[in-house]
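These numbers were taken from a predicted model, which means no experiment stands behind them.
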Amino acid sequence: MAGASDVQQTNDGAGTASGGGAPLASQARLWQRELLRLILLLLLGGLAGWLFEHPAAGVAIAALFVLLLQARNLIRLRLWLQMPKRLELPEPGGLWGEVFDGLIELQRKNRKKKKKLAAMLSEFQASTAALPDGAVVLGERGEIAWFNSAAQRLLGLRVPQDIGIRVPNLIRHPDFAQYFDGGEFDREAELPSPINPAKTLSLRVVPYGRNQRLLIVRDVSERLMLDAARRDFVANASHELRTPLTVLRGYLDLMEMESQGNGVLAPWHAPVVEMRSQAMRMENLINDMLKLARLESGRAQMREERLDAPAMIQRAVEDARALSRGQHRFELAIEPGLGLSGGETQLQSIFVNLISNAVRYTPPGGAIRVRWQQTAEGVRFSVADTGIGIAQKDIPRLTERFYRVDVGRSQASGGTGLGLSIVKHALEAFDGRLEIESEIGVGSTFTGVFPPHRLLRLPAPEPAETPVRR
């Protein structure tokens, strides 16, 4: 086997050497043939001149003839390069003939490639024309290079008037100008259609190639209408349920009082307590649904107030201690003087939901760490627990409505499945974001990040006056 391998390596090496030497050998043969032809022409010229007793003149005339022949072929080649479709190359034979044959073969291959590229381009244009979404190819400065029929219909682009014009000059909307000039293309920009304000378009820029970009345009009017209809339905249904539920709560409260001790309903004490507990759970669910509907629809316009965030966190922690009933250890690290500008209701929802979630999902004896501190990116409110933890595959879905990792445990603890969704939308009202880190069996950390422009410096509390002894 080793010998066969050596032989194969030797053959490969020989093949490589011969392959590399083939052009050199062919070049040497061409030189030899042309030199022989030139020497033969010069000898013939000298022989003709010798017949007339002027051999040198005959050689000179033969050399001049060769030069004129070369110049003629060069001129033909030059003219053909200028007009390859109107002129044809001659067939002079010899070296020039091989050069012309090589050019004709190269021209034939290029035509074949151009036909193939034209077919591919035609197929690409046909496929993009069939797309329901608009596609606009942009150059380095944002100028329009090409667009499909859907983009023409959605944006009102025209051919060829709009080719070469920067797209921000055609889509004149402040949100799109900020989105395009900002260069952060990991999100979409939603704005009214420039030709039909009743429609809403979603625009997304996708960078590709060398400083090229593709603008994707999508009509999202129907989706927004469906979302609005869903939110209105949830809000109206929840609002209509509050009145009968309030009546039921009132009667159940009276029945619970009558079922205590030796009351008339004493045998029904356990069922009445359970019914009242479920009614309270339903009331909490309806309140959360209404709160979330207001946040999503934008009806809950956030008031710009000066908020004492440290005091609000202290109140939320006290409520969590009551919920914990002394079963958890609370550790606080709250930086004083860090306030926020915004709505008190939204901020209180963030604090209460995150801290109460930590209590619900942390076994008795666990620790809950609450931090409020300033960082380079703004202000961070984090709640870390030593609870059951969350699998990585579940983390992206935690802010979905009614999504629960452990359904049985959440229902038993009184959770509605809307807390984190409320936190997410409330943080968006503050221009903030929610970060989640978790590990199974170790615990979870939920962090609300507030931007710097929401930060307020609170005045230091005045020291209490010491009474003067007399």
Side-chain angles (χ1 to χ4, degrees), residues 114-234 293 295-298 393 396-397 399-401 403 421 424-425 428 431 433-434:
K114 287 176 64 177
K115 289 181 179 179
K116 186 176 180 180
L117 290 175
M120 293 175 60
L121 180 60
S122 177
E123 184 177 355
F124 169 75
Q125 291 179 346
S127 60
T128 52
L131 290 174
D133 299 338
V136 184
V137 178
L138 305 177
E140 184 176 357
R141 298 184 301 105
E143 67 276 12
I144 298 176
W146 176 88
F147 53 85
N148 64 352
S149 57
Q152 188 174 1
R153 183 180 69 256
L154 295 173
L155 298 176
L157 301 179
R158 301 168 298 169
V159 180
Q161 294 92 329
D162 296 333
I163 300 296
I165 299 179
R166 295 186 73 248
V167 70
N169 296 335
L170 296 175
I171 307 177
R172 295 182 175 274
H173 195 278
D175 292 345
F176 180 75
Q178 182 180 2
Y179 169 74
F180 191 83
D181 296 334
E184 297 181 1
F185 301 137
D186 54 346
R187 61 180 182 88
E188 298 180 354
E190 292 186 357
L191 55 137
S193 170
I195 59 175
N196 186 2
K199 289 187 175 182
T200 302
L201 303 180
S202 173
L203 290 85
R204 176 76 179 270
V205 175
V206 181
Y208 75 99
R210 295 184 177 179
N211 298 325
Q212 290 182 301
R213 285 167 283 188
L214 179 65
L215 176 63
I216 304 296
V217 186
R218 182 177 302 167
D219 187 356
V220 295
S221 305
E222 185 175 355
R223 176 176 63 82
L224 294 179
M225 291 176 59
L226 291 175
D227 288 344
R230 175 186 56 78
R231 289 193 298 267
D232 291 341
F233 170 77
V234 171
L295 287 171
E296 288 181 333
S297 63
K393 63 181 181 64
R397 300 190 58 189
T399 55
E400 296 180 7
R401 305 171 190 86
Y403 184 80
S421 185
K424 175 188 173 184
H425 286 86
E428 289 176 353
D431 306 317
R433 68 180 188 275
L434 177 64

Self-check item: With sequence neighbours excluded, residues passing salt bridge (Lys or Arg N to Asp or Glu O under 4.0 Å) with R166
Solution: none
Quiz item: Can you name the residues that form a side chain to side chain contact (heavy atoms under 4.5 Å, CB included) with I195, not counting sequence neighbours?
Solution: S193
Quiz prompt | Smallest separation among heavy atoms of P168 and G142, with atom names | solution = CD-O, 4.5 Å
Exercise. Please say whether more than 12 non-hydrogen atoms of neighbouring residues, nucleotides or ligands are located less than 6.0 Å from CZ in R218.
Key: no
Quiz item: Given T200 and L191, is the side-chain contact (heavy atoms from CB on, under 4.5 Å) satisfied, shown in steps?
Solution: CA-CA 6 Å; T200 302; L191 55 137; over 6 Å; no
Self-check item: 4.5 Å side-chain heavy-atom contact, L155 and L170
Solution: no
Self-check item: L214 side, atom CG; R204 side, atom CZ - distance, nearest 0.5 Å
Solution: 11.0 Å
Quiz prompt | ring-ring contact (aromatic ring centres under 6.0 Å, His included): pairs with one or both residues in residues 181-220, sequence neighbours excluded | solution = Y179-F185
Practice problem: Determine, step by step, whether V137 and I144 satisfy the side-chain contact (heavy atoms from CB on, under 4.5 Å) criterion, reporting the C-alpha distance in whole Å, the side-chain angles of both residues, the deciding distance to 0.1 Å, and the verdict. | Solution: CA-CA 6 Å; V137 178; I144 298 176; over 6 Å; no
Quiz prompt | Residue pairs fulfilling side chain to side chain donor-acceptor pair (under 3.5 Å) with at least one residue in residues 167-178, sequence neighbours excluded | solution = none
Quiz prompt | Contacts of type side chain to side chain contact (heavy atoms under 4.5 Å, CB included), residue L154, not counting sequence neighbours | solution = L201, V217, D219
Quiz item: Should we say atom CD of E222 is surrounded by more than 12 heavy atoms from elsewhere, each under 6.0 Å from it?
Solution: no
Quiz item: Considering only heavy atoms from C-beta outward, does the side chain of I163 approach that of W146 to under 4.5 Å?
Solution: no
Quiz item: Is the shortest heavy-atom distance from the side chain of L224 to the side chain of E190 under 4.5 Å?
Solution: yes
Quiz item: Quick one: CG on L203 to CD on E188, what's the gap to the nearest 0.5 Å?
Solution: 8.5 Å
Self-check item: Between CZ on residue F147 and CG on residue L215, distance to nearest 0.5 Å
Solution: 12.0 Å
Quiz prompt | Check against side-chain contact (heavy atoms from CB on, under 4.5 Å), V167 and F176 | solution = CA-CA 10 Å; V167 70; F176 180 75; 4.2 Å; yes
Exercise. Kindly say whether I216 contributes a backbone atom to a donor-acceptor pair with the side chain of D133 at under 3.5 angstrom?
Key: no
Self-check item: Those residues that, when tested against R153, pass side chain to side chain contact (heavy atoms under 4.5 Å, CB included) (two or more places apart)
Solution: A150
Quiz item: For the atom pair CZ (R213) and CD (E140), what is the distance rounded to the nearest 0.5 Å?
Solution: 8.5 Å
